[in-house]
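Contents: one structure, followed by commentary.
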Amino acid sequence: MSTDPENHLARQVGRRRTFAIISHPDAGKTTLTEKLLLFSGAIQIAGSVRARKASRHATSDWMEIEKQRGISVASSVMQMEYRDCVINLLDTPGHQDFSEDTYRVLTAVDAALMVIDAANGVEPQTRRLLQVCRARNTPILTFVNKMDREVRDPLVLMDEIERELGMIVVPFSWPVGMGKVFHGVVDVRAQQMRVFSPGADRYQHDSEIMRGLDDPACAERFGAPYEQARHEVDLVREASPTFDREAFLAGRQTPMFFGSAINNFGVHEVLDALVELAPSPGARPSLQRDVKPEEPKFTGVVFKIQANMDPAHRDRIAFVRVASGHFERGMRMKVVRSGKELRPNSVVSFLSQRRELLDEAFAGDIIGIPNHGVLQLGDTLTEGEALQFTGLPFFAPEMFRSIEVADPLRSKQLRAGLTQLGEEGAIQVFRPLVGSMLLLGAVGQLQFEVVAHRLAHEYGVKARIAPCRFQLARWVTCDDTKELQRFIDANAHRVAVDAVDAPTILVEFAPELRAIESNWPQIKFHAMREHAGLVFQHQA
């Protein structure tokens with residue numbers, strides 16, 4: 001190890017790979033996450049996402065409701081080491097009702113691994129997530145999953161990905177057959193074939209490789225599917241451009257891999273590609289300046305808060321993406337928004353719910369800071385410099401419900417639970433200026449169900465969630481504070497404040513909102529805001 005602090009810091013940053021796994025629900029994203037952990041040696045046996053009655057569950061699905069339903073409803077963070085690289089892997093919820101959580105996670109990563117169901121191709125949630133990645137020029141690797149089933153033609157899939165997502169696809173591997181006659185994949189660059197054998201939940205080291213695509217033994221052993229694959233490989237090699245790393249890093253090219261995550265097949269190639277192709281941490285924009293990862297001073301941003309990862313201790317963990325410098329346990333850091341000083345001694349790294357005390361971290365790492373309400377989503381942490389990192393989105397809800405407690409004696413617990421769930425972004429909580437009933441705002445119905453479940457199981461509160469007359473919300477700002485107050489007073493019956501006390505107008509119909517806008521020309525109405533910094537984007 002170098003004794004030069006600058007060289008040591010640069011080397012540690014260069015070892016980091018921080019990426020998110022994204023997909024439409026049921027494409028196999030959480031299964032692939034599990035197998036990446038298995039192949040890196042982080043776990044010894046993979047949990048089953050499907051076997052809901054079994055005692056094992058996916059490492060990344062730790063909430064009780066996730067284990068019951070076999071779905072991911074919260075993003076989870078896992079760190080592992082592979083080939084001298086430190087990999088920070090973020091598994092995101094595929095369900096569109098939890099897309100806000102996914103969007104915020106995508107602000108904390110340097111690359112994304114897109115999982116495509118080979119039977120269904122590009123699906124709606126895949127398109128939405130890709131739009132977010134494209135807006136940030138996030139490099140994307142593509143894994144076409146479930147090749148052991150009856151799926152679509154790989155040439156059709158490749159064409160669809162290019163057409164739908166507006167990216168040039170460069171196949172790194174190509175399937176030999178599919179479904180019952182799926183025999184393996186051809187490594188397009190190395191000109192060799194990895195033979196498929198159905199896997200188990202343990203890592204198998206003895207994968208068979210046949211060298212040379214013109215080997216008569218391959219044609220004799222695998223017959224027509226092999227001959228077809230060989231012709232297709234020749235076709236795509238001629239038609240596809242060569243891999244261009246700069247185009248990949250700019251989000252214009254995506255390397256494509258085929259496999260079957262449930263059978264451990266194709267996972268090794270993806271893990272190798274992440275280490276070899278995905279970028280190490282880069283500069284991150286703040287309102288004041290771009291922050292480079294190799295700067296000696298520590299900076300970081302809170303992109304996620306999770307309550308009750310350990311229900312027995314009522315804990316709240318702030319997930320912080322380290323943007324620069326060297327974090328050391330016990331160091332002093334400043335919360336820029338509030339000016340408060342933190343000196344955390346129990347900072348942790350993650351393998352989903354399992355944690356380990358952390359002594360140090362570098363740019364690209366995700367660290368967990370236990371706190372009781374000191375940190376909010378979007379908070380910037382520094383060693384003293386006044387910085388505000390940007391880009392953490394909150395979107396105006398599309399559905400509303402009123403909520404009240406079944407037992408009036410539990411009202412305090414209801415408010416405490418909703419405050420914490422609102423601060424972590426699981427739901428948006430609004431306090432109307434008139435009346436005492438709280439309102440919930442969400443992207444989709446499943447969010448309300450998850451909140452009711454978590455209130456009952458984590459806070460001991462049975463809540464009644466009922467329909468609400470409001471259909472639209474917009475945050476309101478004005479350059480003239482007196483005019484803003486006059487607007488709030490005049491519309492007190494339909495104004496509420498959210499988790500960070502940002503004033504919000506709630507309306508029943510879109511024409512009502514348009515009428516209000518025309519009557520108050522100085523007021524700005526926003527469909528999206530960035531947390532903590534309260535940077536609003538105008539969108540009526």
Side-chain angles (χ1 to χ4, degrees), residues 17 19-33 35-36 89-92 94 102 106 109-134 136-149 151-175 178 185-189 194 232-233 236-237 239-262 265-279:
R17 303 287 185 273
F19 74 98
I21 299 192
I22 59 174
S23 79
H24 193 83
D26 293 328
K29 172 176 53 60
T30 301
T31 302
L32 179 59
T33 299
K35 296 309 174 78
L36 290 171
L89 182 160
L90 289 80
D91 178 24
T92 62
T102 301
L106 288 173
V109 300
D110 303 303
L113 175 58
M114 175 174 66
V115 185
I116 301 281
D117 184 328
N120 298 327
V122 178
E123 298 176 87
Q125 182 67 357
T126 316
R127 293 188 192 96
R128 277 190 286 269
L129 293 170
L130 258 293
Q131 287 170 2
V132 178
C133 291
R134 297 299 298 280
R136 302 179 63 84
N137 295 325
T138 304
I140 296 161
L141 296 94
T142 300
F143 180 70
V144 181
N145 194 21
K146 304 186 181 181
M147 289 306 298
D148 58 315
R149 303 184 185 183
V151 296
R152 293 163 65 179
D153 185 279
L155 284 170
V156 173
L157 283 169
M158 180 177 165
D159 178 65
E160 183 180 275
I161 293 169
E162 288 196 333
R163 185 167 25 85
E164 291 272 357
L165 305 180
M167 304 173 72
I168 295 170
V169 173
V170 181
F172 274 48
S173 66
W174 198 259
M178 65 180 75
V185 295
V186 170
D187 184 324
V188 175
R189 294 188 298 171
R194 187 178 295 272
E232 288 174 346
V233 167
V236 297
R237 288 179 69 197
S240 302
T242 55
F243 177 69
D244 181 338
R245 182 168 171 78
E246 291 305 312
F248 162 68
L249 293 176
R252 298 193 304 271
Q253 259 193 19
T254 177
M256 181 167 70
F257 301 84
F258 290 86
S260 168
I262 195 79
F265 194 77
V267 178
H268 203 287
E269 288 81 356
V270 169
L271 196 53
D272 283 338
L274 284 165
V275 167
E276 293 164 9
L277 304 180

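As a basis for the values below, the full set of heavy atoms in this structure was taken, side chains included, without hydrogen atoms, waters or symmetry mates. In this chain, numbering begins with 1 at the start of the sequence shown.
- Across all their heavy atoms, Thr142 and Met114 have their closest contact at OG1-CE, 3.1 Å.
- A side-chain donor-acceptor contact under 3.5 Å links Lys35 to the backbone of Ala261.
- Here the shortest heavy-atom pairing between Glu123 and Asp117 reads OE2-CB, 4.0 Å.
- Formation of a donor-acceptor pair under 3.5 Å by the Arg17 side chain with backbone atoms of Val275 is found in this model.
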Would Met256 and Ile161 count as a side-chain contact (heavy atoms from CB on, under 4.5 Å) here? Give the steps.
CA-CA 10 Å; Met256 181 167 70; Ile161 293 169; 3.9 Å; yes
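- Residues Met167 and Leu130 form a side-chain contact, since some pair of their non-hydrogen atoms from C-beta on lies under 4.5 Å apart.
- When the side chain to side chain contact (heavy atoms under 4.5 Å, CB included) test is applied to Leu106, the partners found at least two apart in sequence or on another chain are Ala20, Ile22, Thr102, Val109, Leu129, Val132, Cys133.
- Here the side chain of Ser240 pairs a donor or acceptor atom with the backbone of Val236 at under 3.5 angstrom.
- Scanning all heavy atoms of the two residues, the minimum distance from Met178 to Asp153 falls at CE-CA, 4.3 Å.
- Interatomic distance, CD1 of Ile140 versus CG of Leu165, reported as 7.5 Å (0.5 Å rounding).
- Looking at Leu277 and Phe172, their side chains come closer than 4.5 Å, going by heavy atoms from C-beta outward.
- The two residues Met158 and Val169 make their nearest non-hydrogen contact at CE-O, 3.7 Å.
- You'll find the side chain of Arg127 reaches within 4.5 Å of the side chain of Val122, heavy atoms only.
- Closest non-hydrogen pair, Pro175 versus Met147, comes out as CB-CE, 3.6 Å.
- Gln253 places no side-chain N or O within 3.5 Å of a backbone atom of Ala247 that could act as its donor or acceptor partner.
- For Glu276, the salt bridge (charged side-chain N to carboxylate O under 4.0 Å, His left out) test picks out Arg83, with sequence neighbours left out.
- The shortest distance between side-chain heavy atoms of Leu274 and Leu141 falls below 4.5 Å.
- The shortest heavy-atom contact between Pro241 and Ile168 is CG-CG2, 3.5 Å.
- The shortest side-chain heavy-atom distance between Val144 and Pro154 does not fall under the 4.5 Å cut-off.
- Annotation: side chain of Leu32 is not in contact with side chain of Asn145 (no heavy-atom distance under 4.5 Å).
- With sequence neighbours left out, Phe143 forms a ring-ring contact (aromatic ring centres under 6.0 Å, His included) with no residue at all.
- Side-chain contact between Trp174 and Val185: absent, with no pair of heavy atoms (C-beta onward) separated by less than 4.5 Å.
- No side-chain donor-acceptor contact under 3.5 Å links Glu232 to the backbone of Leu155.
- Thr31 contributes no side-chain N or O that, together with a main-chain N or O of Ile262, makes up a donor-acceptor pair within less than 3.5 Å.
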